[in-house]
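Side chains included, hydrogens not; waters and symmetry mates left out as well; all remaining heavy atoms used. Residue numbers count from 1 along this sequence. Order of listing sets the numbers, starting from 1, for every ligand and every atom in it.
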Amino acid sequence: MKILMVSSEAIPFAKTGGLSDMVTALSLSLAKLGHEVKIVLPRYYSIDRGTQQLVPGAMGVPMGGGEEWSAVYTAPLPGSKEKNPVQVYFIDHEIYFGRDGIYGVPSEPDFIDNPRRFSFFCRAVFQLCRKISWFPDVLHAHDWPAAMAPVYLKFAERVSGSLGGFEKTASVFTIHNLGYQGIYSKDNFDYTGLGWDVFYNAGFEDAGMLNLLKAGLYSADKLNTVSPNYAEETKTQAHGFRLDGVLRYRSADYTGILNGIDTGIWNPMKDKYISAHFSAKNMAGKAKVKEELQKEFGLPQDSSAPLVGMVTRLTGQKGVGELFGPTYGSAWAICREMNLQMVLLGSGEAWCENEVLSLASRLSNFKAVIGFDEKLSHLIEAGSDFFLMPSRYEPCGLNQMYSLAYGTLPIVRRTGGFVDTIENYNEATGGGTGFMFDNLSPVSIYNTVGWAVWAWYNCREHIEAMRTRAMKLDFSWEKSAAKYVELYDDARTAVFGKTGNSGSGTAASDIFS
Ligand code: ADP
């Protein structure tokens, strides 16, 4: 199959979160299965044009009231095989993308022209295909910045009277986080070049505003999100961010497919960022990495103290209010009252960055680095004993899968993808792979960290068994990629009828098997 990924992020070119890891890993896995995959990204300022090839000739993109002109650059995706490379195309538009920041900068976290930037980007995707004379069987769009792509496909490209080429293209849209929807003034709508009938028919309308994600959810042929449990949760009012009704309406076309992890990068046996390697059979290296981590953060190199790690965006979704809230957060009590060490790497909301730094200055067993640091994130995943993620909601969550792979037991709230990937500790049998709580509150976090620390000191054999169990779980992308192939087939069948076998595998077995 020919598959075009439309995304605002893909490692190593642009990353703010898990979406970026997923797009790259899924593309590589699909290529390994023999599919022809291309990715299209904006050419942000930080992406060096010097290492890319210019696709000759400027490209005109029809937008409301005229035409935008852009250049196109291309490069193979690092890690892809020469035989069947994943080619990445970059839409280069100086006014929209020639600036710092992907969605915004600290002084303007959501650029005022984001609806224009990303509408243009999505429309450019179609012109790009014409330019390179390559038309996908499936257009796979990710999150609100790419939500206009299935809308354009359905209402402007796969219709009679269009410039043609997309008559046989189906669309799949993946929700990575329903909390971000791209809601803007409807004054921006004229710029999309679509008629106002489409504003209503495609579901843009949202309480007098323009909702890009909502239109994508109405327009794509098939929808999915990144874990089965989150797919169910998002159909409820509690987790639906006001779009639960839309998702219930589309439930026949809406599924959950668990993300995998890139086991070439996140692998305790060959991780290039850590100085010692280890496996479920030989854990000696983990003790060394723990020492390295303690040294890095200036903590006493004490193997007996349980080390709790965190790598996170410092934003409400991640439960940081309940953990670091100045008057009520439980981090202070956890570190003061429990015999443990804690390290954090993260960046995000200013109040939280300040609070974290303030705590670190007052507590000898809590250390923090504010910033984004790939190497340090590997060191924390590998060297910690526990990994804390008290998320309010978690569509899939990658960090808990990384930590399981490194025998670092997650402490999490029972929500979203955590339910699909972690089995709660059972102190009677020693079963499980992590520690879970239900209500997001400072006291629940306190109690559950306390429970893990208790097990560390009192049931050490349980901890060792849980580690082994966690490290044996299979989160590789192969299974999930096969499920995406099925979804692509379903999308094509839904629009065009039976298309014949495109080589998808059978349903992947449960990760715990
Ligand atoms: P989300 O996408 O909601 O942020 P995930 O757990 O799905 O959460 O993915 C987060 C990804 O971003 C992981 O790969 C994680 O290691 C990485 N990450 C988050 N914050 C940082 C940071 N400060 N430094 C390095 N990596 C980070």
Using a strict cut-off of 4.0 Å, indicate which atoms of ligand 1 neighbour a heavy atom of [X].
{"X": "Gly371", "result": "22 (C), 23 (N)"}
{"X": "Asp21", "result": "14 (O)"}
{"X": "Arg313", "result": "1 (P), 3 (O), 4 (O)"}
{"X": "Gly346", "result": "23 (N)"}
{"X": "Ser377", "result": "25 (C), 26 (N)"}
{"X": "Gly17", "result": "2 (O)"}

Arg116 to Tyr184, cation-pi by 6.0 Å centre distance and 45° axis angle: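 Not satisfied by the 6.0 Å and 45° rule.
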Would you mind checking if [Y] and [X] are paired as a salt bridge, meaning a charged N to carboxylate O distance below 4.0 Å?
{"X": "Asp206", "Y": "Arg242", "answer": "yes"}
{"X": "Arg392", "Y": "Glu322", "answer": "yes"}
{"X": "Arg414", "Y": "Asp438", "answer": "yes"}
{"X": "Lys32", "Y": "Glu478", "answer": "yes"}

Single hit among Thr24, Val37, Thr74, Leu77 for side-chain contact (heavy atoms from CB on, under 4.5 Å) with Val88: Leu77
Answer yes if the ring centres of [X] and [Y] are under 6.0 angstrom apart, and no otherwise.
{"X": "Trp266", "Y": "Tyr402", "value": "yes"}
{"X": "Phe13", "Y": "Phe90", "value": "yes"}
{"X": "Trp144", "Y": "Phe118", "value": "yes"}
{"X": "Phe173", "Y": "His140", "value": "no"}

Could you identify the single nearest non-hydrogen protein atom to [atom] and state the distance to 0.1 Å?
{"atom": "atom 7 (O) of ligand 1", "value": "Leu398 N, 3.2 Å"}
{"atom": "atom 21 (C) of ligand 1", "value": "Phe372 CE1, 3.4 Å"}
{"atom": "atom 16 (O) of ligand 1", "value": "Asn399 OD1, 3.1 Å"}

[X] N/O under 3.5 Å from ligand 1 N/O:
{"X": "Ser347", "result": "no"}
{"X": "Gly18", "result": "yes"}
{"X": "Asp373", "result": "yes"}
{"X": "Leu19", "result": "no"}

4.0 Å heavy-atom contact, Gly397 with ligand 1: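 The answer is yes: ligand 1 sits under 4.0 Å from a heavy atom of Gly397.
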Within reach of ligand 1, part of Lys15 (heavy-atom separation under 4.0 Å): side chain
Option set His176, Gln317, Glu394, Lys318, criterion heavy-atom distance to atom 3 (O) of ligand 1, minimum: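 The option holding the nearest heavy atom is Lys318.
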